Amino acid sequence: MKIEIKNLTKIYGNNKAVNDLTLTLTDGIYGILGPNGSGKTTLINLLTDNVKRTSGEILINNKDIVSLGAKYRDLIGYMPQQQALYNDFSAYMYLKYMCTVKGIKHNNELISDILKKVNLYDVRNAKAGSFSGGMKQRLLFAQALLNDPKILILDEPTAGLDPKGRDDILDCVKKLQKETGITVILVSHSMEDVAKYVDRIMVMDDGVLKYDDTPQNVFRHYRQLEQIGLAAPQVTYIMNDLIRAGINVNPDAITIAEAKESILSHFKRNAKA
């Protein structure tokens, strides 16, 4: 699925929430970062066709999403940042209910398959009110998959979760993307999450696209990110501190696994010397 955004602008009064944005997305996982008020939410609302653009185009396989209408919305799976669950519903009944709300034809096989994808099948009959925070987020993620989307938009899917809960849901996202080749757009404040899971990062500030590159290339600019109110993963700071201390490690290591490998390699080289 090819998404082309051309000269996209959204103006509220005197504020350009999105300012002449141009980019292309294909398959993969894309992270959108930015401080509060940077335009992330407006961009998501434009991509989900929930607000009208001021100017510019959003094309899916060379067709404008406005002209596609309901056909476009059928391609989208959306997990909003906040969504209430019915605590007395079981996981299965919640998804069945959401199918009815969305007008999606459903059967036991469809719902069971999705519950398996998000690792909730074994608790399908348990009430949502008994779930942990991570399990509830995975159930919300499941409802975004009910229409078999080709474009998946996740707005802060790991907000408020501990590291294990974050990994649980993002492991599901990563596995799904690899199996289906869909386009995933992930909005997050967690630099560790985007460093570990996304293929490309888009950084927005004041409605403008500041960076659009691989995580390694974006986090090389950690000092510039700080100036707009963002930070790099903690690993980035640790590795640069080690380099300044004279230790030869990889400054582009952005995950714990990459840092561990680089540090161990350094000590192995020194041991041989």
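Note that the numbering runs from 1 along the sequence shown for the chain. Computed from a predicted structure; not experimentally measured.
- In this structure, the separation between CZ on Arg138 and CG on Leu161 is 9.5 Å, given to the nearest 0.5 Å.
- Inter-residue side-chain proximity for Thr236 and Asp252 is flagged as unmet; no heavy-atom pair is nearer than 4.5 Å.
- Ion pairing between Asp155 and Lys40 fails under the 4.0 Å rule for side-chain N and carboxylate O.
- Arg220 places none of its side-chain heavy atoms less than 4.5 Å from the side chain of Pro251.
- Geometric assessment of Lys174 against the ring of Tyr197 yields a negative cation-pi assignment under the 6.0 Å and 45° thresholds.
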For residues 4-19, dump all side-chain donor-acceptor pairs below 3.5 Å to protein atoms at least two apart in sequence or in another chain.
residue: Asn7; atom: ND2; partner: Asp20; partner atom: OD1; Å: 2.9
residue: Thr9; atom: OG1; partner: Asp20; partner atom: N; Å: 3.0
residue: Lys10; atom: NZ; partner: Lys52; partner atom: O; Å: 2.7

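- The main-chain N or O of Lys96 is found under 3.5 Å from a side-chain atom of Thr100 such that the two form a donor-acceptor pair.
- One hydrophobic cluster, built from ILVMFWY side chains closer than 4.5 Å, cannot hold both Ile151 and Leu154; they sit in different ones.
- Separating the OG atom in Ser132 from the CG atom in Asp162 is a distance of 8.0 Å, to the nearest 0.5 Å.
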Q | Check against side-chain contact (heavy atoms from CB on, under 4.5 Å), Leu47 and Ile153 | A | CA-CA 9 Å; Leu47 286 171; Ile153 299 176; 4.1 Å; yes
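- Not one N or O on the side chain of Gln216 forms a donor-acceptor pair closer than 3.5 Å with the backbone of Ile254.
- In terms of the ring pair (Phe, Tyr, Trp, His ring centres under 6.0 Å) criterion, residue partners of Tyr222 (sequence neighbours excluded) are, by chain and number, Tyr237.
- Cluster annotation: Leu75 is not connected to Leu146 through the hydrophobic network of ILVMFWY side chains, with a link wherever side-chain heavy atoms come within less than 4.5 Å.
- A donor-acceptor pair is defined here as one N or O able to donate and one able to accept, closer than 3.5 Å; no such pair exists between the side chain of Ser112 and the backbone of Glu109.
- Taking a cutoff of 4.0 Å between a charged side-chain nitrogen and a carboxylate oxygen, Lys175 and Asp171 do not qualify as a salt bridge.
- Val66 is listed as a side-chain neighbour of Arg53, based on a closest heavy-atom distance under 4.5 Å.
- In this structure, a donor-acceptor pair under 3.5 Å is absent between the side chains of Ser67 and Asp64.
- To the nearest 0.5 Å, the span separating CG on Asp212 from CD1 on Ile201 amounts to 10.0 Å.
- Each of Ile169, Asp168, Val118 was evaluated against Gln137; a single residue qualifies, Ile169, per the side chain to side chain contact (heavy atoms under 4.5 Å, CB included) test.
- The two atoms that bring Leu46 and Val51 nearest to each other are CD2-CG2, 3.6 Å, heavy atoms only.
- Hydrophobic clustering, with ILVMFWY side chains joined whenever heavy atoms are under 4.5 angstrom apart, keeps Leu23 apart from Ile29.
- Side chains of Leu33 and Met204 form no contact here, defined as non-hydrogen atoms less than 4.5 Å apart.
- Taking the charged nitrogens against the carboxylate oxygens, Lys117 and Asp113 do have a contact shorter than 4.0 Å, which makes a salt bridge.
- The shortest side-chain heavy-atom distance between Thr255 and Val235 does not fall under the 4.5 Å cut-off.
- Geometric assessment of Arg124 against the ring of Tyr121 yields a positive cation-pi assignment under the 6.0 Å and 45° thresholds.
- One finds a salt bridge joining Asp148 and Lys150 here, because a Lys/Arg side-chain nitrogen approaches an Asp/Glu carboxylate oxygen to under 4.0 Å.
- The CD1 atom of Ile76 lies 9.0 Å from the CG atom of Asn147; values are rounded to the nearest 0.5 Å.
- Note that CD1 of Ile111 is 7.5 Å distant from CG of Leu115, once rounded to the nearest 0.5 Å.
- When all heavy atoms of Ala195 and Pro233 are compared, the pair lying nearest together is CB-CG, 3.7 Å.
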**Q.** side-chain contact (heavy atoms from CB on, under 4.5 Å) evaluation trace for Ile44 with Thr41
**A.** CA-CA 5 Å; Ile44 293 303; Thr41 299; 5.6 Å; no
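- Criterion: ILVMFWY side-chain heavy atoms under 4.5 Å apart, direct or through other members. Under it, Val101 and Leu110 are part of a common hydrophobic cluster.
- Annotation for Glu261: atom CD does not count as buried by contact number, only 12 or fewer foreign heavy atoms lying within 6.0 Å.
- A side-chain N or O of Asp193 and one of Thr158 form a donor-acceptor pair less than 3.5 Å apart.
- Contact detail for Phe89 and Tyr94: the closest heavy-atom pair is CD2-CA, 3.8 Å.
- Looking only at distances, a side-chain donor or acceptor of Ser130 sits under 3.5 Å from a matching main-chain atom of Lys127.
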Q | Candidate pair Lys196 and Leu170, rule side-chain contact (heavy atoms from CB on, under 4.5 Å), full reasoning | A | CA-CA 9 Å; Lys196 186 175 180 180; Leu170 292 176; over 6 Å; no
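- The two residues Gly77 and Pro149 come nearest to each other via the heavy atoms N-CB, 3.3 Å.
- When the ring pair (Phe, Tyr, Trp, His ring centres under 6.0 Å) test is applied to His221, the partners found at least two apart in sequence or on another chain are Tyr211.
- At a threshold of 4.5 Å between side-chain heavy atoms, the hydrophobic network of Ile, Leu, Val, Met, Phe, Trp and Tyr places Phe141 and Met93 in one connected group.
- Note: Arg223 CZ to Glu226 CD = 5.0 Å, rounded to the nearest 0.5 Å.
- Here the closest heavy-atom approach between residue Asn250 and residue Met239 is recorded as O-CE, 3.5 Å.
- A salt bridge between Lys71 and Asp74 is absent, with no side-chain N of the basic residue lying under 4.0 Å from a carboxylate O of the acidic one.
- Side-chain contact, Gln143 with Lys102: a donor N or O sits under 3.5 Å from an acceptor N or O.
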Q. Taking it one step at a time, do Thr183 and Thr26 satisfy side-chain contact (heavy atoms from CB on, under 4.5 Å)?
A. CA-CA 6 Å; Thr183 300; Thr26 53; 5.5 Å; no
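- Atom CD1 of Ile256 is surrounded by 12 or fewer heavy atoms from other residues, nucleotides or ligands within 6.0 Å.
- Put simply, the side chain of Asp205 never gets that close to the backbone of Ser38: no donor and acceptor are under 3.5 Å apart.
- At least one side-chain heavy atom of His266 sits under 4.5 Å from a side-chain heavy atom of Asn270.
- In this structure, Ile3 and Thr24 have side chains that are not in contact, with every pair of non-hydrogen atoms separated by 4.5 Å or more.
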Q.
Show, in sequence, the C-alpha distance, side-chain angles and deciding distance for Asn45 and Thr42, and conclude whether the side-chain hydrogen bond (donor to acceptor under 3.5 Å, both in side chains) test is met.
A. CA-CA 5 Å; Asn45 285 332; Thr42 299; 5.5 Å; no
Q: Would you sort out whether Asp213 and Arg200 count as a salt bridge (charged side-chain N to carboxylate O under 4.0 Å, His left out), showing the intermediate values?
A: CA-CA 5 Å; Asp213 212 328; Arg200 186 166 134 203; over 6 Å; no
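- Under the 4.5 Å side-chain criterion, counting only non-hydrogen atoms from C-beta, Leu85 is in contact with Leu139.
- In plain terms, the two heavy atoms of Met202 and Tyr30 that are nearest each other are CE-CB, 3.5 Å.
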